[in-house]
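Bear in mind that the values here come from a model prediction, so they are computed numbers and not experimental data. A note on names: the letters A, B, ... follow the listed sequences, proteins ahead of strands, and every chain is numbered from 1.
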Number of protein chains: 2
Amino acid sequence: METGETPPHDDGERRFLDAYDPRAFAPTAVTVDVAALTIRAGTPCVLLTRRSAPPQRGWWALPGGFVRAQDGPDGPADPDLPDAALRVLSEKTALPCELHLEQLRTYGARDRDPRMRIVSVAYLILAPDLPEPHVGRGSDAAEWVPWSELGHGDGARSGRPLAFDHARIVADAVERARSKLEYTALATAFLPPTFTITALREVYEAVWGTRLHSANFHRKILATRGFVEDTGELADRGGPGGGRRPRLYRAGGAAVLHPPLLRGTP
Amino acid sequence: METGETPPHDDGERRFLDAYDPRAFAPTAVTVDVAALTIRAGTPCVLLTRRSAPPQRGWWALPGGFVRAQDGPDGPADPDLPDAALRVLSEKTALPCELHLEQLRTYGARDRDPRMRIVSVAYLILAPDLPEPHVGRGSDAAEWVPWSELGHGDGARSGRPLAFDHARIVADAVERARSKLEYTALATAFLPPTFTITALREVYEAVWGTRLHSANFHRKILATRGFVEDTGELADRGGPGGGRRPRLYRAGGAAVLHPPLLRGTP
DNA sequence: GTGAGTTTTTCTCAACCTGAGATGAATTTA
DNA sequence: TAAATTCATCTCAGGTTGAGAAAAACTCAC
């Protein structure tokens, strides 16, 4: 074993880098695609844009774009991939200050884009109800689209078709969101700063597409330390047809739930 | 809403593609790095190689290499990213027929490689005890290194230092493996085709770094449908100092555990 | 062989958690 | 003021978990 050996500094390192020609490599492009999920009026939605330029002009697609490798005429380089994701998203809609951003996965099949070899790093965003998006460069429409209108990325031609392999990416994003709700306190990312236990349950029900027992949900949430914090205040009023005024909570500090809140255990 | 609108086929699509010049883009390279994890004699290890060429010559690193975007002198193009990962790994060690391969995440900070903007897609491999690795192109040594000898990727200079941001990647790989053991039946990926419940428990103990109550573990595994299948056979002998001959099992068909097997619930 | 030690496997029991429904509290509408 | 609605709490049976004891099946030393 060579543990403890000091990694040698190489005198030729600088000479090597000076002589290095990045353009000698076969062209591969790197893009970011953003699957921004939100819940609008109880319906889980994803942000889509309609492509106004080839390839796949006229098809709906996730907001995305090339990672800026270096400073250039279009703007400064993206320091890291999340910066690129936020930049791409900010061209389509207003970003709230609190926003959950995480890497989803990377797609790089040889034939996924007709132009060239394009490797796309997909990001997942969970956001509270955001305003209507606006059109940006490269698109002539932008909409929040319910998940139910899209296929499942399995090739079955159901619902609104998406460009490239974006149906797959959306399906992966939805599955990631569903599974993250089990093990983390991320459901609060879909809600405003203060919310009721019922609103939290409706997030679970919307994302999972199931009904939950409200009393047991209530007990479970309050028993999970760090999930929510009591603000001490009550909502202005109860439901539409009357009812007790619910307590308001804010997100607690906990990131992971112990024990988890599992869907479908029958 | 414009749902149901048929995405138009564009006449200019072909002309656009014919005129497209991939080399016009700023150079970004895509590599794959493989974190191959295994358990050798009860110690969890990761496969590392020592770089024999700049940059970072002499430093230990994960096996990795550029994704082949097109057919070229080095060989045919990688059809997809997992193919590239397997190709890179096969240059270092023999691959068993059964092998768990999954994408870990992608790293693309601007300064993570001194040559150019390099986006690296990291893959996680879980394998049963593999033979000693051999040196391949670009390296002059290859070893299975215990996780305990490495830092945690948090910048703290503990243990054997790794090239680039590979300490971070290894830390992410280890955390992914630890958490996957909770929710999936993946522990069997570290074991040969048939194994005992005790061997399975030792996988959990090695990866999590904890001790588990053997009787409760036994009960839990057998109660989880699809985790293991009884082969009907017994091992040749018990422990080193005698003992009952344990039953042999093989991996069952289940991918996810319901309910999960959680670590640390105190 | 016999007995002590080892390892696997099963059993017991209290504590906790979960699913399902009932009950009570607070508030709006008719 | 009564009824309907919604939030919040309580109860209880059934299942799961954590901890230890006990039984079963084996090896080794004597």
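- Residue contacts shown for B:T198 are limited to sugar-phosphate atoms, with no base heavy atom under 4.0 Å away.
- Across all strands, A:S214 comes closer than 4.0 Å to no nucleic acid atom at all (heavy-atom distances).
- Candidate nucleotides D:dC7, C:dA20, C:dC11 were compared by shortest atom distance to the side chain of A:N216, and C:dA20 ranks first.
- In this structure, the nucleotide among D:dA8, D:dA21, D:dA19 sitting nearest to the side chain of B:R219 is D:dA19.
- Using a 4.0 Å heavy-atom criterion, one finds that B:A215 contacts the bases of the nucleic acid, with or without backbone contacts as well.
- Out of C:dT18, C:dT27, C:dT8, the shortest distance to the side chain of A:L234 is found at C:dT27.
- Look at B:R176 and B:D172 and you find no salt bridge, because none of the NZ, NE, NH1 or NH2 atoms lies under 4.0 Å from a carboxylate O.
- Residues A:Y249 and A:G241 both approach DNA chain D. Their nearest nucleotides, taken by heavy-atom distance, put A:G241 toward the 5′ side.
- The separation between A:D236 atom CG and C:dT28 atom C1' is 14 Å, rounded to whole Å.
- Note: CD1 (B:I197) to C1' (C:dT9) measures 10 Å, nearest angstrom.
- The CG atom of B:L62 sits 7.5 Å away from the OG1 atom of B:T49 when rounded to the nearest 0.5 Å.
- Toward the 5′ end of DNA chain C lies the nearest nucleotide of B:P240, the other residue of the pair A:P240 and B:P240 mapping further downstream.
- Checking C:dT10, C:dT28, D:dT27 against every side-chain atom of B:R237, the shortest atom distance belongs to D:dT27.
- Using a 4.0 Å cut-off, some side-chain N or O of B:H218 falls inside it from OP1 or OP2 of C:dT9.
- Salt bridge status for A:E132 with A:R40: present, with a side-chain N to carboxylate O gap under 4.0 Å.
- Counting only heavy atoms from C-beta outward, the side chains of A:V121 and A:Y107 never approach each other to under 4.5 Å.
- Heavy atoms of other residues, nucleotides or ligands lying less than 6.0 angstrom from CZ of A:R247 number 12 at most.
- The phosphate of C:dT9 has neither OP1 nor OP2 within less than 4.0 Å of any side-chain N or O from B:R201.
- Going from atom CG of A:L261 over to atom C1' of C:dG19 covers 13 Å, rounded to whole Å.
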Under the side-chain hydrogen bond (donor to acceptor under 3.5 Å, both in side chains) rule, what do A:T194 and A:T231 come out as? Steps first, then yes or no, please.
CA-CA 8 Å; A:T194 69; A:T231 64; over 6 Å; no
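- Nearest nucleotide to the side chain of B:R244, out of D:dA23, D:dT17, D:dA19: D:dA23.
- One atom, CD1 of A:I221, and another, P of D:dA8, lie 13 Å apart when rounded to the nearest Å.
- Note on A:K220: every side-chain N or O is 4.0 Å or more away from OP1 and OP2 of C:dC17.
- In this structure, the CG atom of A:L222 is 8 Å from the P atom of D:dA8, given to the nearest Å.
- Rounded to whole angstrom, the span from the NE2 atom of A:H258 across to the C1' atom of D:dT17 amounts to 15 Å.
- One can place CD of B:E202 at 10 Å from P of C:dT7, the figure rounded to the nearest angstrom.
- Across the protein-nucleic acid pair, B:R247 atom CZ and C:dT10 atom P stand 7 Å apart, rounded to whole Å.
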